[in-house]
Amino acid sequence: MYKQTPLRQALEQYIKQDWSRLHMPGHKGAAIKPFGQLMQYDLTEVEGTDSLFEDDGPLKKLEEIFTELYGTKGSVMSAGGSTLCIQAMLRIVAKKGGKVIAGRNIHASAVNAMALLGLEPIWVYPERSQQERLIGRISPKDIKTILEKQEREGALDSVCAVYITSPDYFGVMSDVKAIAQEAHQKGIPLLVDNAHGAHLRFFQEELHPMQLGADLCCDSLHKTLPALTGAALLHSAREEYLPKLKNAMTVFGSTSPNYLIMLSMDSTAGFLMEEGPKRLKETAQRCAELAELARQRGFVMPTHCDPMRLSLPIAGTGWDSNRFRTLLRKHHIMEEYLSDSGCVLLFSPFSREEDFLRTKELLREFKAEQQPFSSFPILPGEKVMGLREAFLSPKISLPIEQAENKVAAQVKITCPPGIPLVMPGERLYKESIKILKNSGISVIDVVE
């Protein structure tokens, strides 16, 4: 635990006073296995513990610490992960008949939120180099082209936002600064799903979206920092959005945010105020050494990548996921993600020395044999009906083999990575059905 963290102090004060807990939750702080004494910190909104969506005590102080740490106009906490932050970002900019220019490498939670809010996406497909095995980057030129087309057609007023994911699931970072400039030249805000990049604020180079011109962005603290799953932040670079942040979150979020998640955010703040930046830089250096070894062993490594993520493109190496899984298990490694496209290994300041050594030994045993390859699938879809219309239409579930020429009524993903293979309102063809089957998807909802 780190000092000067307000929520920990408030909860420990409550525990010390030995109240009769005649309030929720039902465990009453009992040391239930396997959680033990941790249960006494699992409280609710009572006197002294504050309330997340109407905070004026320790939670407010904690959010002020995060605001200073990330250098924003305001940063607020979510115990509902980046999903809640994404929903809130889109709620803040939403308007009737609104459109969002969005990267097709989007997370499914954003698509679902757009459907519920009545927002229609205009898709921007990632740009891939000839050697790109993974997803690629969103191009500022493509954003500019779409904005100019909307302007020529007299439809720019309906564009609510530009929305990108950076870093993407494989750690590839788009040029957020250039994309922000293109959006702002047309008076359009930039929203960034930075769920995988909460640590990026703490390097010498400016890598975090709040440093690069984003107007709103989300961070998942649990992905790379010492917070419990579900811990996230919603950041704003604009004063006018500040009164809207909490209100937008209440539309989608639980009225009972988990105090253990928030306590872990409190501890994370302490880590970032003290030894965090130094340890993050040390971890990034170790990852850079592993990435260089991976290049030497024949991996075509992605560029512009998150410094604490080792993404190994398997496609085109002569290996498949089953063979690579055997190698991972031999070295006692459990990966974040594995497919025939690639393998993602996530490191953090809390990775052990043996984690780095095992990865080094794995890479030394690997040898690529360059072969033809297929990149991570991102399907160009034929839009048949609007996102919300398809999402809310009467639907039936069909075996994937029977869905050819039908119109998808749901986002269809594998998670991880959570990137939709099919969007609601798009027609299903042989190629899309083949990719869905290869991804282990056997049933899909289609418009009746």
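All figures in this text were calculated on a predicted structure; none of them were measured in a lab. Side chains are part of it too, since the values below use all heavy atoms of this structure and drop only hydrogens, waters and symmetry mates. Throughout, residue positions are numbered sequentially from 1 according to the sequence presented.
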Salt bridge check, [Y] against [X]: does any charged N sit closer than 4.0 Å to a carboxylate O?
{"X": "Asp355", "Y": "Arg352", "result": "yes"}
{"X": "Glu336", "Y": "Arg309", "result": "no"}
{"X": "Lys61", "Y": "Glu64", "result": "no"}
{"X": "Lys437", "Y": "Glu401", "result": "yes"}
{"X": "Lys60", "Y": "Glu54", "result": "no"}

Which pair of non-hydrogen atoms, one from [X] and one from [Y], has the smallest distance, and what is that distance?
{"X": "Phe356", "Y": "Thr283", "result": "CZ-CG2, 4.2 Å"}
{"X": "Gly136", "Y": "Val172", "result": "O-CG1, 3.9 Å"}
{"X": "Asp193", "Y": "Ile86", "result": "OD2-CD1, 3.7 Å"}
{"X": "Met301", "Y": "Ser311", "result": "CE-O, 3.3 Å"}
{"X": "Leu328", "Y": "Cys343", "result": "CD1-SG, 4.1 Å"}
{"X": "Phe271", "Y": "Pro277", "result": "O-CD, 4.4 Å"}

Hey, is [atom1] on [X] packed in by over 12 heavy atoms from elsewhere, all under 6.0 Å?
{"X": "Lys395", "atom1": "NZ", "result": "yes"}
{"X": "Lys28", "atom1": "NZ", "result": "yes"}
{"X": "Glu68", "atom1": "CD", "result": "no"}
{"X": "Gln296", "atom1": "CD", "result": "yes"}

### Query
Going through the distances and angles, do Glu335 and Arg329 end up as a salt bridge (Lys or Arg N to Asp or Glu O under 4.0 Å)?
CA-CA 9 Å; Glu335 71 285 350; Arg329 299 299 178 266; 2.8 Å; yes
Between the side chain of [X] and the main-chain N/O of [Y], is any donor-acceptor distance below 3.5 Å?
{"X": "His107", "Y": "Ser109", "value": "yes"}
{"X": "Lys73", "Y": "Glu240", "value": "no"}
{"X": "Thr72", "Y": "Gly74", "value": "yes"}
{"X": "Arg91", "Y": "Ala248", "value": "no"}
{"X": "Thr326", "Y": "Asn322", "value": "yes"}
{"X": "Asp266", "Y": "Leu7", "value": "yes"}
{"X": "Arg201", "Y": "His208", "value": "no"}
{"X": "Glu45", "Y": "Ser256", "value": "no"}
{"X": "Asp340", "Y": "Ser321", "value": "yes"}
{"X": "Gln40", "Y": "Gln37", "value": "yes"}

Can you tell me how far apart [atom1] ([X]) and [atom2] ([Y]) are? Round to the nearest 0.5 Å.
{"X": "Ile65", "Y": "Met273", "atom1": "CD1", "atom2": "CE", "answer": "4.5 Å"}
{"X": "Met39", "Y": "His27", "atom1": "CE", "atom2": "NE2", "answer": "4.0 Å"}
{"X": "Ile400", "Y": "Ser432", "atom1": "CD1", "atom2": "OG", "answer": "7.5 Å"}
{"X": "Met423", "Y": "Arg104", "atom1": "CE", "atom2": "CZ", "answer": "4.0 Å"}
{"X": "Leu207", "Y": "Leu200", "atom1": "CG", "atom2": "CG", "answer": "5.5 Å"}
{"X": "Thr44", "Y": "Met24", "atom1": "OG1", "atom2": "CE", "answer": "4.5 Å"}

Using a 4.5 Å cut-off on heavy atoms from C-beta on, say whether the side chain of [Y] contacts that of [X].
{"X": "Leu327", "Y": "Trp319", "answer": "yes"}
{"X": "Leu362", "Y": "Phe324", "answer": "yes"}
{"X": "Ile106", "Y": "Trp123", "answer": "yes"}
{"X": "Arg137", "Y": "His304", "answer": "yes"}
{"X": "Met308", "Y": "Leu346", "answer": "no"}
{"X": "Met265", "Y": "Phe66", "answer": "yes"}
{"X": "Glu389", "Y": "Glu120", "answer": "no"}
{"X": "Cys305", "Y": "Met173", "answer": "no"}

Would you list the atom pairs, donor with acceptor, under 3.5 Å between side chains in residues 229-237 and any protein atom, with sequence neighbours excluded?
unit_1 : atom_1 : unit_2 : atom_2 : d
His235 : ND1    : Ser75  : OG     : 2.6
His235 : NE2    : Asp219 : OD2    : 2.8
Ser236 : OG     : Arg238 : N      : 3.1
Ser236 : OG     : Arg238 : O      : 2.9

### Task
Could you walk me through whether Met114 and Tyr163 pass the side-chain contact (heavy atoms from CB on, under 4.5 Å) test, one step at a time?
CA-CA 11 Å; Met114 282 192 274; Tyr163 182 105; 5.9 Å; no
### Task
Start with the C-alpha gap between Glu206 and Lys177, add the side-chain angles, then the distance that decides, and say whether salt bridge (Lys or Arg N to Asp or Glu O under 4.0 Å) holds.
CA-CA 10 Å; Glu206 291 189 344; Lys177 188 172 185 178; 5.6 Å; no
#### Entry: side-chain contact (heavy atoms from CB on, under 4.5 Å) between Thr268 and His222, intermediate numbers included
CA-CA 9 Å; Thr268 298; His222 71 266; over 6 Å; no
### Query
Run the salt bridge (Lys or Arg N to Asp or Glu O under 4.0 Å) check on Arg279 and Glu282 step by step: do they pass?
CA-CA 5 Å; Arg279 291 181 61 184; Glu282 291 170 350; 5.5 Å; no
### Query
Do we see a donor-acceptor contact under 3.5 Å between the side chains of Asp306 and His196?
no
### Message
I'd like to know if the side chain of His332 pairs up with that of Glu354 as donor and acceptor (distance under 3.5 Å, no hydrogens or angles considered).
### Response
no
### Criterion side-chain contact (heavy atoms from CB on, under 4.5 Å) on Ile314 and Asp320, from CA distance to verdict
CA-CA 7 Å; Ile314 294 173; Asp320 62 15; 5.7 Å; no
### Query
With sequence neighbours left out, what residues match Phe35 under ring pair (Phe, Tyr, Trp, His ring centres under 6.0 Å)?
none
### Task
Just jot down the ring pair (Phe, Tyr, Trp, His ring centres under 6.0 Å) partners of Phe299, sequence neighbours excluded, or say none.
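Once residues adjacent in sequence are excluded, the partners of Phe299 under the ring pair (Phe, Tyr, Trp, His ring centres under 6.0 Å) criterion are Phe366.
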### Query
What's the verdict on side-chain contact (heavy atoms from CB on, under 4.5 Å) for Ile164 and Val124, showing C-alpha distance, side-chain angles and the deciding distance?
CA-CA 9 Å; Ile164 65 170; Val124 185; over 6 Å; no
### Query
With a cut-off of under 6.0 Å to the ring centre and 45° to the axis, is Arg8 in cation-pi contact with Tyr41?
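No; the conditions do not both hold, so Arg8 does not lie above the ring face of Tyr41.
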### Query
Any idea how His199 and Phe203 line up, ring-wise: parallel (<30°), tilted (30 to 60°), or perpendicular (>60°)?
perpendicular
### Centroid-centroid under 6.0 Å between Tyr14 and Tyr259 rings
no
